Amino acid sequence: MTQQSTSPRVDRYNPPEVERLWQEIWERNGTNSWTNEALRTAEKPFYNLMMFPYPSAEGLHVGNIYAFTGADIYGRFQRLRGHDVFEPIGFDAFGIHSENFALKSGVHPTELIPRNVERFTKQLRRIGAMYDWDHTVDTTSPEYYRWTQWVFLQLFRAKLAVKKEAPVNWCPSCNTVLANEQVIGGECERCDTPVEMRNLSQWFFRISDYADRLLDNLETLDWSDSTKKAQANWIGRSEGAEIHFAVVGTEQRISAYTTRPDTIFGATYMVLAPEHPLVDEITTPERRGEVDEYREQARAMDLVSRQKTEKEKTGVDTGGRAVNPATGQEVPVWIADYVLMGYGTGAIMAVPGHDERDFEFATKFDLSIPRVIAGEDQDASTPLEEAYSGPGHLVNSGEFDGLDWREAKPRITDWLAEKGAAEPRTNYRLHDWCISRQRYWGPPIPILYCDDCGTVPVPESELPVVLPEIEDFRPDASGISPLARHEEWYVTSCPECGGRARRETDVSDTFLDSAWYFLRYPSVGNDKTPFDPEVTKQWLPVDSYIGGNEHAVLHLLYARFITMVLNDLGHIDFEEPFTRFRAHGLIVKDGAKMSKSRGNVVVPDEYIEEFGADTFRTYLMFIGPYEEGGDFRDAGITGPYNFLTRLWDTVLSAEDSEADGAVEQKLHATIRKVTEDMEALSYNTAIAAMMEYLNTVRAGGRTPRRGEVEPLVPLVAPFAPHLAEELWSRLGGKPSVFDEARWPDFDPEKATADEVELVVQVNGKVRAKLTMERGVAKEEAVAAALAEDNVQRFVEGKSVRKQIFVPDRLINLVVG
RNA sequence: GCCUGGGUGGUGGAAUCGGUAGACACAUCAGACUUAAAAUCUGAAGGGCUUCGGCCCGUGCGGGUUCGACUCCCGCCCCAGGCACCA
């Protein structure tokens, strides 16, 4: 069991030895592992989750360790407070990241990933996190992605997974689809070939159907404000109207979405996206050549450079004309690439007087720019030097003149609606989630195409659709998806008619793997179902989730979406997966983000080797506020190292007696401070408070007493778990400290000192400090203040006009 | 351009329901121990002035509110991250 060390002489703190010993004991005793049975019956479950890592070939970097340590500390804190804490970890190993690395290094991902996972596991054990290694997940294992495919099928059945055409970045040299991040300055990052836009038929999840719920639920979540705001912006709900313009000479009409129906009288032209389906029909013969040429140019441009704001506006007149339903006037219809097919209706009513982009366009092409809104000190004829988008009242707007713009929005929408020319509409910036990847390293999408039956889902009983191990996984000139080159894999029979069928050869997005992994952890090992209903009910939703803010939008939004869908389909009984989320900060080096190209990457292993995991953990948390991150400096690590060493010496050399009165007061104040700070993730100040207390205990070389130092063991345990175990054991405790010790309580009476230092100010400047009894009355305090020589100097010969008294804090005498 | 954070000693950072600015730590300096050094322990320290009692200045810049502002309000500058022609 534990080692017995009752030797009177205190041995030196030896982190590697202590840490090795306790990691062995934890492992042997299953200190941090749950059996499936125990998971079912836990009394005070607390699900402590951290974002699982992508197991890179470089191993854990300081950023990972920082994130995991902060989360682990919180879990250990909750455990000491009496919760049954489940803290799992896993590996997010599919995706373009792994695949690109494999392509570069020439090692197959099926070989690379297990190797990386092994290295990560070793490092994660070394830092002393209390992971339940019996409940771990690897997204690339068939036992896991079988259920990822199952999730896809649930969405497919609910008609929330649909196949449709969408534009993608296409490199004509690599013959592959590129993510937006892989397009650098309009060129392929790998071969520098100019990237084109292509339309491909792909699978989408209809997340936009959930936009309102995803937005409205945010209010109920205990999440960092910045994260909630980022999600709200991403969803981008906007209220407005869809207004219909009749096309002259046809039965067609063009619908445009606008948030400014109040400016309809100023809509002097329309603009369609180059891809808009009506372009062909409305283009007049004499404009045809120019229009076609422009559309060709727009198509050749990649998605990224197409959406550059600073680019000068371009466009051509189609020759077509439409009727402004408010004014009855004919307006020209143009096409321009500043209008995007992907938002609204792909067509806009241009109001150059009150929209910056339209103003720029109208100026360049000499279109008329009337004013229809007048702000303060403006009227109907005030010239427009630039687009005016501020508040005001309507002008040049017929019967609506003089109306406030806010009131005008619904009024004009109603008025147009009566004429059948408009309806109110809400729009979202959020797009449907494209989950198809024309790549190799991901779970195959479990769909078959049968010549007779059409699109057929793979029966759940036949899952997983195993990703075949192929050597030529590199996307090359032969086709779209690497799997599409393997007939022996994709040719199969239809489960419905038995006829010949072809498998879907695209794989799914990595974000799908991570959109449900937290549901799997407690049910790992169950091969009947993705998540056991009973266990899931016991542990979910997640009590605390900690991760990087770079996932504030995509991962967290997708996870919420999938959870909502599974809730709607009756698989789970909650619709929000993470009750509390906190984003941790970023560790930088020399003021810059760590990166290989900068050469400022800190390799944690050496520090852990030299100082131990406990010191490294404590140091990382001491750098700065956990939610803000900080600057890694080698020199700073000796602070926490000295602290832990002193703590070791102090605890082990304490004399066996109760706490001294004055020290006891400080002890209770420290417990209070540390407890509050832990809950708020203010780890840096919690550590500082413990350091300060230790300094008090040792002040002037006094001999510490057992009652003074014993409570420090559980307090420091979340940061330095190995050291705490060893001290706890040497003080006679049974292992583990995390099960046998309790987080100490503080007595509010004892936590406050009997004497207070009262600051005396004269006209707001500090002139003296008085030590007085707590709760001293104003009169007595003022009298004492006036008796001070240095106060007298500034009061003498003047009259005291006002006495400000803040009990137990300060006196301010206003003289003049 | 928009949205988040943030700007405090030589350095990382404390203190924001307005009430002693600089806790804690690093680096620095001095002392103790040592033949010496390292380690350890003790102490000093925002800047300037000082008759050694203290005084003045000081939280990115400029205004304001207040008895009192790092904290609140208005207007700027700078840094980091995210979004970006979303009509």
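No hydrogens, no waters, no symmetry mates; every other heavy atom, side chains included, goes into these values. Throughout, a chain's letter reflects where its sequence line sits, starting with A, and its residues are numbered from 1. This structure is a prediction, so every number in the text was calculated from the model and none was measured.
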### Smallest separation among heavy atoms of Leu813(A) and Gln803(A), with atom names
CD2-CG, 3.9 Å
### Query
Distance only, no hydrogens: is a donor on one side chain within 3.5 Å (strictly under) of an acceptor on the other, for His584(A) and Glu628(A)?
no
### Query
Looking across every strand, which nucleic acid part, if any, lies under 4.0 Å from Phe794(A) by heavy atom: base, sugar-phosphate, or nothing?
sugar-phosphate
### Query
Want to settle it: does Gly630(A) or Asn233(A) sit nearer the 5' end of RNA chain B, counting the closest nucleotide to each?
Asn233(A)
### Query
For Val553(A), which contact category applies under a 4.0 Å heavy-atom criterion: base, sugar-phosphate, or nothing?
nothing
### Query
With sugar-phosphate meaning primed atoms plus P, OP1 and OP2, does Asn790(A) contact a base, only sugar-phosphate, or nothing at under 4.0 Å between heavy atoms?
sugar-phosphate
### Residue-phosphate contact under 4.0 Å: Tyr343(A) side-chain N/O, A87(B) OP1/OP2
yes
### Message
For Trp433(A) together with Tyr558(A), are the ring centres under 6.0 Å from each other?
### Response
yes
### Query
Going by an N to O cut-off under 4.0 Å, is there a salt bridge joining Asp677(A) and Lys673(A)?
yes
### Message
Testing the basics here: between Leu221(A) and Lys228(A), what is the closest heavy-atom pair and its distance to 0.1 Å?
### Response
O-NZ, 2.8 Å
## Note on the structure
Whole-Å distance, Glu275(A) CD to C85(B) P, equals 14 Å
### Summary
Across every strand shown, the nucleotide meeting Watson-Crick or G-U wobble geometry with G31(B) (both distances under 3.5 Å) is C41(B)
### Message
Please classify the glycosidic conformation of G64(B) as syn (within 90° of 0) or anti (everything else).
### Response
anti
### Query
Nearest-Å distance, CZ (Arg429(A)) to P (C2(B))?
16 Å
### Message
By the 4.0 Å heavy-atom rule, please label Arg793(A) as base, sugar-phosphate, or nothing.
### Response
sugar-phosphate
### Task
Starting at the 5' end of nucleotides 15-30 of chain B, put B wherever the base has a protein heavy atom under 4.0 Å, S where only the sugar-phosphate does, and a dash everywhere else.
----BB--BBSSS---
### Query
So what does Arg698(A) touch, heavy atoms closer than 4.0 Å: a base, only the sugar-phosphate, or nothing?
sugar-phosphate
### Query
Does Glu312(A) pair with Lys364(A) as a salt bridge, N-O distance under 4.0 Å?
yes
